[in-house]
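Down below is the structure, laid out as structure tokens.
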Amino acid sequence: MYMLKNVLRNLSGKPATRLYPLEEREPFPAYRGVITNEVEKCIFCNSCARVCPTDAITVDAKAGHWHYDPFLCVYCSACVEKCPTKCLVQVPTHRKPSVTKFRVLRTGTPRVKKSAAAKSKEENGTETKAEKE
């Protein structure tokens, strides 16, 4: 008798869950979602990789590669807060289910270190401008 009441209530009421692929819920206001990198603004400084607690981000500054493993990421947004150029952004959307694991690779132009000769040339050029005035 006790179970019959619960069974009838569950059968006659609305479902407790959503049909996920067909009905998607809007994310909560403070939801931290999928990480995207605007590689054009990235300087490949490696600060996002150093602060990542799960090592989901790896940066190769010489080649200009930024790797991101969404299956390792815990969406803590530490990398987004640490990024000096603010090229990392968390979009408030859910990552779609996937059958296979994948890694995100973004390729940009690596920053070029100035040689000692170029630095001294710049310093000399600014000194001559100051001397002329």
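All values derive from a computational prediction rather than experimental measurement.
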Verify side-chain contact (heavy atoms from CB on, under 4.5 Å) between Met3 and Leu8, making sure each step is shown before the conclusion.
-> CA-CA 9 Å; Met3 288 276 293; Leu8 291 175; over 6 Å; no
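Evaluation of the ring-ring contact (aromatic ring centres under 6.0 Å, His included) test over residues 31-51, restricted to residues two or more places apart or in two chains, returns Tyr31-His94. The list of salt bridge (charged side-chain N to carboxylate O under 4.0 Å, His left out) pairs with a residue in residues 78-93, not counting sequence neighbours, is empty. Listed by first and then second residue, the salt bridge (charged side-chain N to carboxylate O under 4.0 Å, His left out) pairs that reach into residues 48-62 come to none, sequence neighbours excluded.
With sequence neighbours left out, Arg18 forms a side-chain hydrogen bond (donor to acceptor under 3.5 Å, both in side chains) with no residue at all.
Of all heavy-atom pairs spanning Ser77 and Gln90, the tightest one is CB-OE1, 2.9 Å. Across all non-hydrogen atoms, the minimal contact from Cys48 to Leu88 is CB-CD1, 3.6 Å.
The only member of Arg25, Arg32, Glu26 that meets side-chain contact (heavy atoms from CB on, under 4.5 Å) when paired with Phe28 is Arg25.
Lys5 NZ to Asn10 CG: the interatomic distance, rounded to the nearest 0.5 Å, is 12.0 Å. Atom-to-atom distance recorded for Thr93:OG1 and Glu24:CD is 9.5 Å, nearest 0.5 angstrom. Separating the CD1 atom in Ile57 from the SG atom in Cys52 is a distance of 5.0 Å, to the nearest 0.5 Å.
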Kindly list each side-chain donor-acceptor pair under 3.5 angstrom involving residues 34-43, sequence neighbours excluded, with atom names and distances?
unit_1	atom_1	unit_2	atom_2	d
Thr36	OG1	Val89	O	3.3
Glu38	OE1	Lys41	NZ	3.3

Show me the donor-acceptor pairs within less than 3.5 Å that the side chains of residues 63-76 make with the rest of the protein, sequence neighbours left out.
unit_1	atom_1	unit_2	atom_2	d
His65	ND1	Thr107	OG1	3.3
Asp69	OD1	Phe71	N	3.2
Tyr75	OH	Arg95	NE	3.3

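In the displayed structure, Phe102 atom CZ is contacted under 6.0 Å by more than 12 heavy atoms of other residues, nucleotides or ligands.
Contact of the Arg9 side chain with the Leu4 side chain is not registered, since no non-hydrogen atoms from C-beta on lie closer than 4.5 Å.
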